[in-house]
Amino acid sequence: MKILIVGQGGREHALAWKLRSSPLVKEIFCAPGNAGTALEAVNLELAATDIAGLLDFARKERIDLTVVGPEAPLVAGLVDAFDKEGLRVFGPSRQAAELEGSKVFAKDVMRSAAIPTAESQVFNNADAAEAYVEGREETRLVVKADGLASGKGVTVCQSRAEALDAIRRIMRGREFGDAGAKLVIEECLDGEEVSILALTDGETIIPLETSQDHKAAYDEDKGPNTGGMGAYSPAPQISPLMMDNIIGQILVPAVHAMKRRNRPFKGVLYAGLMMSYQGPKVLEFNVRFGDPEAQPLLMRLKSDLAPVLMALAEGRLGEIDALQWDKRPSVCVVMAAEGYPGDYPKGQVIRGLDEAAQVEGVKVFHAGTTLKNGQVLTNGGRVLGVTAIGDRLGDAKLRAYQAVKHIRWPGAWCRHDISDKARQYLRE
Ligand code: AMP
Ligand code: GLY
C-alpha cells in the first residue's frame with residue numbers, strides 16, 4: 001500500500017510513524033512534512049492546501065490511500081476532489097467538515113440533535129452583538145469567530161469589556177478575515193476538558209481511547225490559549241459508564257444528524273468536551289485527529305492503523321475488529337519556540353535529539369522542524385512533541401521529561417505539569 005499523508009505537524013509525524021510499522025504499507029509520502037517525517041517517509045514540496053498539486057501527485061504515483069491531517073484542506077474540499085477522481089481518501093467532505101469550519105453550523109447541528117452544549121446566540125452584525133453583551137448581566141461569556149482561525153478564534157472573556165473588545169477585533173477589525181463575518185457568543189462553562197475522538201464512516205462508530213490536551217501556554221493553565229502544549233491518554237476522568245453516556249448522547253446523535261442533513265461524516269470526529277457539573281457538554285467539534293492528542297493516542301494503539309483507515313475510506317468500518325490498545329498510559333510534552341503563541345524566531349539549531357531518543361519508551365515527534373544541511377532546525381511555534389509510555393502515568397511523565405532535558409535550542413520551553421490533572425483520579 002502506498003500512502004500520502006497531508007500536513008506537517010506532530011500529528012502527521014505520529015501518523016507516519018504508526019503507519020510505517022504496518023506490514024501492509026510499502027511507501028509513505030508526506031506533503032509537506034517536517035524533519036521528523038523525513039525519517040519515516042518521503043517529504044514532498046507540496047503545501048497541505050495545494051489540492052490540485054496533491055491530486056496530481058496521488059494520481060501519478062498511484063497512491064492507495066491519502067490521509068489528511070489538518071482541517072484547512074478538509075474545509076477547502078480536498079476529499080471531494082479526490083472522491084471525484086475515484087482516489088481513496090481518509091477524511092470528511094467539505095460539507096461534513098463544516099462541523100469544524102463553521103461554529104454556527106456546529107451549534108445548529110447540536111441544537112437540532114439535542115446534543116448537550118453551552119447556551120449560545122449567533123450574530124451577523126457587530127451592533128447586535130454589542131447590544132446583546134451590553135444588555136446582559138455582567139457574566140463570563142465566550143466570543144467565537146464562526147470560521148477557521150488557526151485555533152485563535154475563541155476568546156474566553158472575564159468581563160463585559162473583554163467581550164466587547166473581542167467583538168470589535170473579530171467583527172469590526174476582521175482580525176481573522178471572513179471567519180469573523182459571524183459570531184457565536186455563549187455562556188462560559190466550568191470544569192475539566194477532555195478530548196473524545198472516534199473513527200466513523202458515517203455508519204459505524206469506533207471510539208478511540210480518551211485523552212486530555214493542555215490548551216493554556218503555562219503551568220496550572222495560566223497564560224494565553226495555544227494549539228495545545230501537551231496531552232496524555234487515557235483520561236481517568238472518564239469512566240467506562242461516562243464513555244457510554246458520551247457515545248449515546250454526543251457521538252451517535254452527531255453522526256446521525258450529519259447523515260440526515262445529507263452530509264454523511266467520514267473520518268475522525270473529535271468532540272472537545274467540558275466535564276461540567278451537569279455532565280459532558282460539547283465545546284467544539286473537530287473533524288480530524290487532535291494535535292497533540294494524536295501523539296499519545298497513536299503511541300498506545302496496538303492494532304495496525306492502515307487497514308482501519310482504508311476500511312473507513314471505503315465505507316466498511318463495520319468489518320474491522322475491535323481496536324487493541326496498550327493499557328499503559330502515555331504522555332506528550334510539547335516543546336515550543338520562545339515567544340509562542342505570539343511571534344517566534346525560526347531556524348534555531350536543535351541539539352540532543354539522539355540522546356532524547358535513547359530514553360526508554362520515548363519517541364520524539366517533530367512538529368515545527370525542518371532539515372537544512374543535515375541539521376534539524378526549528379520551523380514553527382510548537383516544535384516537538386516528546387512522547388513517552390510507561391507502566392503508570394507518573395512513569396510516562398518522568399520519561400517524557402527526562403527526554404526533554406536532553407533537547408536544547410535557544411529559547412526552548414515547555415509546560416512542566418503535563419498530565420498532573422489526572423493524578424487526583426488515580427491511586428499512584
Ligand atoms: P474551541 O476552539 O471552541 O474548542 O475553543 C477553544 C478553547 O476555548 C476550548 O478548548 C476551551 O478551553 C475554551 N472554550 C470554548 N468554549 C468555551 C465555553 N463555552 N466555556 C469555557 N471555555 C470555553
Ligand atoms: N489539540 C487541539 C486540537 O487539535 O484542536
Side-chain angles (χ1 to χ4, degrees), residues 7 9-12 14-15 68-72 74-75 97 99-107 110 115-121 139-158 162-163 166 170 176 179 183-197 208 210-217 221-233 235 267-278 280-298 332-334 336 341 365 367 381-382 385 415 418 421:
R11 162 185 51 211
E12 288 76 22
L15 283 165
V68 187
E71 61 278 14
L74 295 169
V75 172
L99 211 44
E100 176 166 1
S102 166
K103 296 201 188 283
V104 172
F105 175 74
K107 278 287 179 185
M110 287 189 256
I115 294 170
T117 184
E119 288 296 330
S120 66
Q121 298 263 350
T139 47
R140 289 156 67 220
L141 290 173
V142 183
V143 177
K144 303 183 169 186
D146 174 45
L148 292 185
S150 312
K152 294 181 190 134
V154 174
T155 314
V156 178
C157 308
Q158 302 302 333
E162 270 186 59
I170 299 170
F176 309 113
L183 283 180
V184 174
I185 301 184
E186 66 181 33
E187 62 171 328
C188 188
L189 301 174
D190 289 308
E192 260 194 56
E193 287 184 45
V194 293
S195 303
I196 302 295
L197 281 68
L208 304 181
T210 56
S211 60
Q212 185 175 55
D213 189 7
H214 296 67
K215 291 253 168 79
D221 289 341
K222 305 246 164 64
N225 235 345
T226 70
M229 293 302 297
Y232 62 91
S233 171
V268 179
L269 179 63
Y270 165 147
L273 305 183
M274 186 70 92
M275 303 307 294
S276 77
Y277 289 117
Q278 296 152 325
K281 293 193 179 184
V282 177
L283 293 174
E284 63 167 344
F285 281 120
N286 293 324
V287 299
R288 50 173 175 81
F289 284 106
D291 188 344
E293 290 95 326
Q295 290 84 311
L297 279 175
L298 293 174
C332 169
V333 176
V334 169
F365 292 116
R382 292 190 294 168
R415 270 181 70 153
I418 301 302
K421 255 185 271 178

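In each ligand, atom 1 is the first atom listed, and ligand 1 is the first ligand listed. Remember, it's a predicted structure, so these values are computed and weren't measured experimentally.
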* Asked: Which ligand 1 atoms does C188 reach within 4.0 Å, using its non-hydrogen atoms?
  -> 20 (N), 21 (C)
* At the 4.0 Å heavy-atom cut-off, does K103 count as touching ligand 1? -> yes
* Do P292 and H214 come close enough that some side-chain heavy atom pair is under 4.5 Å? -> no
* At a 4.0 Å threshold, what atoms of ligand 1 neighbour a non-hydrogen atom of N225? -> 7 (C), 8 (O)
* To do: Provide the number and element of each atom of ligand 1 under 4.0 Å from a heavy atom of K144.
  => 3 (O), 15 (C), 16 (N)
* Asked: Just which atoms of ligand 1 are under 4.0 Å from any heavy atom in E186?
  -> 16 (N), 17 (C), 18 (C), 19 (N)
* **G272 touching ligand 1 at heavy-atom level, < 4.0 angstrom** => no
* Structure fact -> Checking heavy atoms under 4.0 Å, the part of V154 that sits near ligand 1 is side chain
* With a 4.0 Å heavy-atom cut-off (strictly under), which part of E187 contacts ligand 1: side chain, backbone, both or neither? -> backbone
* Could you tell me whether a side-chain N or O of E100 sits under 3.5 Å from a main-chain N or O of V287, the two making a donor and an acceptor? => yes
* Structure fact -> Nearest heavy-atom contact between F176 and K152 is CZ-O, 3.2 Å
* Asked: Under 4.0 Å from any heavy atom of K215, which atoms of ligand 1 are there?
  -> 10 (O)
* Structure fact -> Checking heavy atoms under 4.0 Å, the part of L283 that sits near ligand 1 is both
* Asked: Is there side-chain contact between Q158 and V156, with heavy atoms separated by less than 4.5 Å?
  -> yes
* Answer whether the closest heavy-atom distance between the side chains of E284 and V154 falls below 4.5 Å. => no
* To do: Quick one: closest heavy-atom pair of R415 and A217, and the distance?
  => CG-O, 3.1 Å
* Asked: Hey, does the side chain of R288 reach the backbone of L74 with a donor-acceptor pair shorter than 3.5 angstrom?
  -> no
Identify the protein atoms, limited to N or O, that lie within less than 3.5 Å of an N or O atom of ligand 2, and list each pair with its distance to 0.1 Å.
| unit_1 | atom_1 | unit_2 | atom_2 | d |
| --- | --- | --- | --- | --- |
| ligand 2 | 1 (N) | D213 | OD2 | 2.8 |
| ligand 2 | 1 (N) | D291 | O | 3.0 |
| ligand 2 | 1 (N) | E293 | OE1 | 2.7 |
| ligand 2 | 1 (N) | E293 | OE2 | 3.3 |
| ligand 2 | 4 (O) | R288 | NH1 | 2.9 |
| ligand 2 | 4 (O) | D291 | N | 2.9 |
| ligand 2 | 5 (O) | N286 | ND2 | 3.4 |
| ligand 2 | 5 (O) | R288 | NH2 | 2.9 |

